[in-house]
Q: 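This is the structure I want to talk about, given as structure tokens.
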Amino acid sequence: MCGRINIDARRLTDYLTDLFACELAVADDANLSPTQSLAVLRGGADGQISAAEMRWWLTPHWAKAPTTEYSMFNAKAETAATSPAFRRPYRRQRCVIPVSGYYEWQRDDNGKQPFYIYHADRPALFLAGLWDAWSASSGNAVAGSRDSSGKAQSTAAGSAAIQAACSDKTTNMQERRRQTAGADRPLDETQPMPPGVTQTPRQSELWSDVSEAQSEHQQQSDLLQPLLSCTLLTTAAHPSMARIHHRQPVFLTEHEAQQWLTPNITTESLQPLLASRLPHGLNLRPVSTYVNNARQKGPRCLQPIGEERKLTG
DNA sequence: CCAGACGTTGTT
DNA sequence: GTCTGG
DNA sequence: CCAGACGTTGTT
DNA sequence: GTCTGG
């Protein structure tokens, strides 16, 4: 399957400019991991393909918060059409994730051996994905929101603001704070209030806890742009790939990528693209476990430690 | 995906 | 948002 | 009706 | 074992 990615910014952007005339804003990262930002391709009604920056961990539009409670960086192609989290994206919000290559770990008795998988003579692999847009007001149960129209897409591709949203933490540990705040309070509650303030100390504490819990995400999304996020589709491994791992990403050719991004195409006609196929010319390169740690971002992640193999598509 | 934490009190 | 389980 | 899940991989 | 962070 697919949990780590290599982005060679220069090669990738040049290639995509040539191919789809779209501008990709990416930075070098030889070890990009789930919850980080990715540039993905989306299709417009006019057939034009454009890029958008998204968090690699799909947050459904109805989610209460953009947590990592569920594994959403991959979606099984076999069930994407029906799963609650993915079916709407599958119908209307497909994307293609262009990568320079990705990593796969082979498990054996000795442990885990990482491999770098890339195209021998092209600068990119096209991986099929899905995306969604989330904002606190659509997912959170905010009083007074009557947004039942079911269409909350963001058409404006404000990637800078989204980048800010994606790069921040999204944790909730208010539970503990609430408890300690109450427990430490002396029995005598009476305290002098500033003029004009009518709240008791206890109320104001509760208030700050609640507003903390809510504003945590509103700062990221409501005040900025909706959070755009994406996931990579996986399928059963092609026999040639199965030697390494029993799952693999859904690979698309450039032409298939165009199909995949066609807005109103029937999902039925896309079915064949989800099969266990490999592009012709994949290379399999054993690399060091240096890549295991997602903080290592440099080219040493890509360095071969043995013979490369060709995968027969 | 893998690595690393997993806890509290008190002090600055 | 939508479905399943109680 | 309301509450709670909604996901993947891998391992046994 | 399980969750969070990268």
Side-chain angles (χ1 to χ4, degrees), chain A residues 1-7 29-38 55-93 99 101-109 111-117 127 129-130 132-135 137-142 145-153 166-173 175-177 179-180 183-184 229-237 242 244-250 287-298 301:
Chain A
M1 42 91 62
C2 200
R4 298 290 179 86
I5 284 171
N6 174 35
I7 299 294
D29 191 341
N31 196 4
L32 195 147
S33 58
T35 69
Q36 294 194 280
S37 287
L38 268 177
R55 183 183 199 234
W56 181 16
W57 196 294
L58 190 142
T59 298
H61 65 99
W62 41 257
K64 288 185 184 125
T67 67
T68 56
E69 187 179 355
Y70 302 100
S71 283
M72 299 292 223
F73 63 100
N74 282 161
K76 297 184 77 167
E78 297 92 327
T79 52
T82 52
S83 101
F86 300 133
R87 64 191 160 195
R88 191 181 87 151
Y90 180 67
R91 273 184 269 122
R92 292 197 282 274
Q93 292 160 190
V99 303
Y102 74 100
Y103 300 93
E104 195 76 78
W105 278 260
Q106 180 180 40
R107 301 175 119 92
D108 56 28
D109 304 329
K112 291 173 288 193
Q113 171 61 49
F115 289 90
Y116 178 59
I117 298 162
L127 308 182
L130 309 172
D132 207 347
W134 178 90
S135 58
S137 48
S138 70
N140 230 342
V142 169
S145 89
R146 68 205 59 162
D147 231 302
S148 56
S149 59
K151 38 170 285 185
Q153 264 78 316
C166 292
S167 62
D168 265 314
K169 313 296 162 73
T170 56
T171 51
N172 24 316
M173 39 26 151
E175 202 57 37
R176 216 169 50 76
R177 305 170 123 272
Q179 286 170 0
T180 55
D184 292 342
S229 61
C230 64
T231 190
L232 284 177
L233 288 168
T234 66
T235 189
I244 303 307
H245 201 75
H246 72 112
R247 303 289 295 173
Q248 67 168 53
V250 170
V287 295
S288 121
T289 54
Y290 178 78
V291 75
N292 287 14
N293 191 327
R295 297 178 192 197
Q296 307 298 346
K297 298 301 192 181
C301 295

Q: Determine the contact category for Thr234(A): base if any of its heavy atoms lies under 4.0 Å from a base atom, sugar-phosphate if only primed atoms, P, OP1 or OP2 are that close, otherwise nothing.
A: sugar-phosphate
Q: When rounded to the nearest Å, what value does the distance between C1' atoms of dC2(B) and dT8(D) take?
A: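 So the two C1' atoms sit 14 Å from each other.
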Q: Nearest whole Å is fine: how far is dC2(B) P from Gln113(A) CD?
A: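 Rounding to the nearest Å, CD of Gln113(A) and P of dC2(B) are 12 Å apart.
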Q: What is the distance, to the nearest angstrom, from the CE atom on Met72(A) to the P atom on dT9(D)?
A: 13 Å
Q: When rounded to the nearest Å, what value does the distance between P atoms of dG5(E) and dA3(D) take?
A: 29 Å
Q: When you measure from the side chain of Gln296(A) to the backbone N and O of Asn293(A), does any donor-acceptor pair fall under 3.5 Å?
A: no
Q: To the nearest 0.5 angstrom, please state how far the CD1 atom of Ile5(A) sits from the CG atom of Leu38(A).
A: 5.0 Å
Q: Between atom CZ in Phe73(A) and atom C1' in dC2(B), what is the gap in whole Å?
A: 10 Å
Q: Under 3.5 Å, side chain of Trp57(A) to main-chain N/O of Tyr70(A), donor-acceptor pair present?
A: yes
Q: Say you pick atom C1' in dC1(D) and the same atom in dG6(E); how far apart are they, in whole Å?
A: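 Roughly 43 Å separates the two C1' atoms.
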Q: Taking atom C1' in both dG4(D) and dC6(B), compute the distance separating them and give it to the nearest angstrom.
A: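 Straight-line distance between the two C1' atoms is 27 Å.
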Q: How far does CG of Leu130(A) sit from CZ of Arg91(A), to the nearest 0.5 angstrom?
A: 11.5 Å
Q: Nearest 0.5 Å, please: how far is CG in Leu232(A) from OH in Tyr102(A)?
A: 10.0 Å
Q: Look up atom NZ in Lys297(A) and atom CG in Asn31(A), then write down how far apart they are to the nearest 0.5 Å.
A: 5.0 Å
Q: Hey, does the side chain of Gln113(A) reach the backbone of Val287(A) with a donor-acceptor pair shorter than 3.5 angstrom?
A: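 Between the backbone of Val287(A) and the side chain of Gln113(A) there is a qualifying donor-acceptor contact (under 3.5 Å).
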Q: The test is side chain to side chain contact (heavy atoms under 4.5 Å, CB included); show your working for Thr35(A) and Arg55(A) and say whether it passes.
A: CA-CA 6 Å; Thr35(A) 69; Arg55(A) 183 183 199 234; 3.9 Å; yes
Q: Provide the distance between the two P atoms, one in dA5(D) and one in dA5(B), to the nearest whole Å.
A: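 Their P atoms lie roughly 29 Å apart.
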Q: Give the rounded distance in Å between these two atoms: CD of Glu69(A) and P of dT2(E).
A: 15 Å
Q: Given Watson-Crick or G-U pairs with both distances under 3.5 Å, what dot-bracket string fits DNA chain C, with | for other-strand pairs and [ ] for crossing?
A: ||||||
Q: How many whole angstroms separate atom CZ of Phe86(A) from atom P of dG1(C)?
A: 19 Å
Q: Flag as yes if Trp62(A) stacks onto the base of dC6(D) (centroids under 5.5 Å, planes under 30°), otherwise no.
A: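 Ring-base stacking flag set for Trp62(A) and dC6(D).
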Q: Considering only the C1' atoms, how many Å lie between dT11(B) and dG1(E), rounded to the nearest integer?
A: 34 Å
Q: Out of Glu78(A), Gln248(A), Lys76(A), Arg247(A), which residue meets the side chain to side chain donor-acceptor pair (under 3.5 Å) rule with Thr234(A)?
A: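 Looking at Glu78(A), Gln248(A), Lys76(A), Arg247(A), the match for Thr234(A) under the side chain to side chain donor-acceptor pair (under 3.5 Å) is Arg247(A).
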Q: Taking the six-membered ring for Trp, are Phe73(A) and Trp56(A) parallel (under 30°), tilted (30 to 60°) or perpendicular (over 60°)?
A: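 The rings of Phe73(A) and Trp56(A) stand perpendicular, inter-plane angle above 60°.
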Q: Quick one: Tyr103(A) OH to dT9(D) C1', roughly how many Å, whole number?
A: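 In whole Å, dT9(D) C1' and Tyr103(A) OH are 20 Å from each other.
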Q: If the P atom of dG7(B) is compared with that of dT4(E), how far apart are they to the nearest Å?
A: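 Roughly 11 Å separates the two P atoms.
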Q: Taking the side chain as everything from C-beta on, heavy atoms only, tell me whether Asn292(A) gets closer than 4.5 Å to Pro114(A).
A: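 In short, these two side chains touch, coming nearer than 4.5 Å.
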Q: Students often get this wrong, so: under 4.0 angstrom with heavy atoms, is Lys297(A) touching a base, only sugar-phosphate, or nothing?
A: nothing
Q: Would the distance check show the side chain of Arg4(A) and the main-chain N or O of Tyr116(A) forming a donor-acceptor pair, the cut-off being under 3.5 Å?
A: no
Q: Grab the two heavy atoms, one from Trp134(A) and one from Ala63(A), that are nearest each other, plus how far apart they are.
A: NE1-O, 2.7 Å
Q: Write down the distance between CZ (Arg107(A)) and P (dT12(D)), rounded to a whole number of angstrom.
A: 10 Å
Q: Give the rounded distance in Å between these two atoms: CZ of Arg247(A) and P of dT8(D).
A: 9 Å
Q: List, with names and distances, any nitrogen or oxygen atoms from the protein found under 3.5 Å away from nitrogen or oxygen atoms belonging to nucleotides 3-5 of chain B.
A:
residue	atom	partner	partner atom	Å
dA3(B)	OP1	Asn292(A)	ND2	3.0
dA3(B)	OP2	Lys112(A)	NZ	3.4

Q: Counting only side-chain heavy atoms from C-beta out, which of dC1(B), dG7(D), dT8(D) sits nearest to Lys76(A)?
A: dT8(D)
Q: Using the 3.5 Å cut-off, write out each protein N or O paired with an N or O of nucleotides 3-6 of chain C and the distance between them.
A:
none

